[in-house]
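On a predicted model such as this, the values are computed, not experimentally measured, just so you know. Chain letters run A, B, ... following the sequence lines, proteins first, then strands; residues in each count from 1.
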Number of protein chains: 2
Amino acid sequence: MLTVGEFSRICQVSIKTLHYYDRIGLLVPIKVDPSSGYRYYGQQQVERMLLIGRLKRYGFSLEDIRVLLDCKEEGVLRGRLCQQREKLKFKQREMELVISELSAHLQNFERTGDIMGYQKEYDIDVTNTPDMVVIASRQMMGVKEFGNYYSGLYERMAREHLTPDGLRGAVYYDQEFNHECSDIELIVGVRETEKADKTMKGRLCAKTIHKGPYSSLSDAYGALVAWIENHGYAWDGAPYELYVKTQFDSLAPEDWETEVYFPVRKK
Amino acid sequence: MLTVGEFSRICQVSIKTLHYYDRIGLLVPIKVDPSSGYRYYGQQQVERMLLIGRLKRYGFSLEDIRVLLDCKEEGVLRGRLCQQREKLKFKQREMELVISELSAHLQNFERTGDIMGYQKEYDIDVTNTPDMVVIASRQMMGVKEFGNYYSGLYERMAREHLTPDGLRGAVYYDQEFNHECSDIELIVGVRETEKADKTMKGRLCAKTIHKGPYSSLSDAYGALVAWIENHGYAWDGAPYELYVKTQFDSLAPEDWETEVYFPVRKK
DNA sequence: CATTGACTCTCCCCTTAGGTCATGCTGTAT
DNA sequence: ATACAGCATGACCTAAGGGGAGAGTCAATG
């Protein structure tokens, strides 16, 4: 039997951490002296503690770890580990992207001496957009669930024998932008007018093209809004994006292209 | 002038976030109606908000960002960006390591069906260690500051014309392990007995070799402690590590080797 | 003018994974 | 018996907001 101090030295974790793990039920001492409250740990708990440390490095939350360790099915365990590996790989790719973004920013900064320089390079103009015949799916959804809902639309297209015309986009109806859950309508352009959900009437829009990953899309929004204000227009309806070049064209995120439209009227 | 709602839609951040940024002084509306408390933002603040979002992606804390944006010197700004890029690259390398560790773990798990299998592969035995003639530097230090203190020792070796014998290690005196700040003594073996700080007398130790990055070193500690208990020995003194193969031998972290020693006596 | 509905305000509590005192009790060695 | 190391609990703190309650405000409509 080991006291907290001994146990903490062996496992290389702080006593506070052990107190905490006891409190949340992740690692409960085998014995607690009822009169003094002293905690005593057993040999075999060293193993558990080390495993906890490992899983923590793998990026699991303590809650996840508790569930994992209490779960006896080997398959589930293996599944969760695999899944976590994929998550880490994904995060790594994301980080790669951020680094390249930062590098580009730095270059731009050194060239122009303006820390916001990159943002002024949007070409913006006002056009009358053509009508778009689309099927649509409007829902409260998070930005990350786009994939799920899009696949729903494509499934439906297959079922109803619709022909895509290459148009893909999203309309943002929401008043306030919320990363996790917003009122968003995904649209896919189709040929069959009669079977489509609706025709989005052409209208006057301020438009620009955003090149690069979606993480910096809001730069385009900012540029557009500034332009609209400065050129005597007023914002008039839900903005939308069309995804012109994306990962589905097997392009790297730096080469993606997104058109951003803001419906406007002359002030 | 824009209301919070409008501003939040344009910049794609939540109203809550804007409230928060106002509160911490990171982005203060150009006007606040004194009677109603309503916030009004200006055009030019869109730019600032977007830049904040960017810097946040780059991994800066909001406090950092506030300082950065208020700092007018271009050089400082560029320096911080460069520095942050290096930090991100470092984190990326670390993540790479974790992924490879997880992959190895998974393989081991699938082979043995034992989630702790990897941990049982330490070869442990008891040896009488030889005397070690060392110069030493004992301090409260964090694990990450090893580099600083080691370089101090090497500097001193150069100054006093000491000859290293290839031994490098650290003794852990502390009762409780604390990542940030522990009582650790760094030691470097030298040839000149008379000029050395001390001779660490050889004595009975349980020993094992840990292969791989330092993040999983505590596995070795755990294995040793379990072994000591199970084989009728008692722990008797401050444990220490010797770094046998490290990054200074230009090896990848997977190939590093560390010897871990626990002084023991027969029970 | 009054009402409605959308918008906004502040205030308070909650999250993760513990860290940092402060104060008081316990165990053991001398 | 006493000193001192070790241990306990509890309160408060972190970063970056999210969620909700309850109340006030703005603009358009009847």
Rounding to a whole Å, what distance do you find between [X]:[atom1] and [N]:[atom2]?
{"X": "L27(B)", "N": "dA16(D)", "atom1": "CG", "atom2": "P", "result": "15 Å"}
{"X": "Y40(A)", "N": "dT26(C)", "atom1": "OH", "atom2": "C1'", "result": "9 Å"}
{"X": "K16(B)", "N": "dA15(D)", "atom1": "NZ", "atom2": "P", "result": "19 Å"}
{"X": "K31(B)", "N": "dT8(C)", "atom1": "NZ", "atom2": "P", "result": "14 Å"}
{"X": "M1(B)", "N": "dC26(D)", "atom1": "CE", "atom2": "C1'", "result": "14 Å"}
{"X": "D22(B)", "N": "dT8(C)", "atom1": "CG", "atom2": "C1'", "result": "13 Å"}
{"X": "R23(A)", "N": "dG18(C)", "atom1": "CZ", "atom2": "C1'", "result": "9 Å"}
{"X": "E63(A)", "N": "dT16(C)", "atom1": "CD", "atom2": "P", "result": "8 Å"}

Under 4.0 Å: is that the gap between some side-chain N or O of [X] and OP1 or OP2 of [N]?
{"X": "T3(A)", "N": "dC7(D)", "value": "yes"}
{"X": "T17(A)", "N": "dG19(C)", "value": "yes"}
{"X": "Y20(B)", "N": "dG18(D)", "value": "no"}
{"X": "R66(A)", "N": "dA17(C)", "value": "no"}
{"X": "S36(A)", "N": "dG27(C)", "value": "yes"}
{"X": "H19(A)", "N": "dG18(C)", "value": "no"}

Run the side chain to side chain donor-acceptor pair (under 3.5 Å) check on E254(B) and S100(B) step by step: do they pass? CA-CA 9 Å; E254(B) 298 91 270; S100(B) 73; 4.8 Å; no
Give me the ring orientation class for Y233(A) and W227(A): parallel if the planes are under 30° apart, tilted from 30 to 60°, perpendicular past 60°. parallel
Parallel under 30°, tilted from 30 to 60°, perpendicular over 60°: which one fits the rings of Y172(A) and Y221(A)? perpendicular
Nearest to the side chain of [X] - [options]?
{"X": "R39(A)", "options": "dA8(D), dC26(D), dA17(C)", "answer": "dA8(D)"}
{"X": "I15(B)", "options": "dC9(C), dG19(C), dA17(C)", "answer": "dC9(C)"}
{"X": "D33(B)", "options": "dA17(C), dG19(C), dC26(D)", "answer": "dC26(D)"}

Has the side chain of Y38(A) got a donor or acceptor atom sitting under 3.5 Å from an opposite partner on the base of dG27(C)? no
Should the side chain of K56(A) and the base of dG18(C) be counted as holding a donor-acceptor pair, with the cut-off at 3.5 Å? no
If you apply the rule side chain to side chain contact (heavy atoms under 4.5 Å, CB included), what do you find for R85(A) with L106(B), and how did you get there? CA-CA 9 Å; R85(A) 184 173 52 177; L106(B) 249 170; 3.8 Å; yes
If an axis is fit to five pairs at each end of the helix from dC1(C)-dG30(D) to dT30(C)-dA1(D), what is the angle between the two, to the nearest 10°? 30°
Might you point out which heavy atoms bring I187(A) and A136(A) nearest each other, and give the distance in Å? CG2-CB, 3.9 Å
Work out which heavy atom in E241(B) is nearest to a heavy atom in L217(B); give both atom names and the distance. OE2-CD1, 3.7 Å
Charged N to carboxylate O under 4.0 angstrom, E63(B) versus R66(B)? yes
Should E96(A) and R93(A) count as an ion pair when the cut-off is N to O under 4.0 Å? no
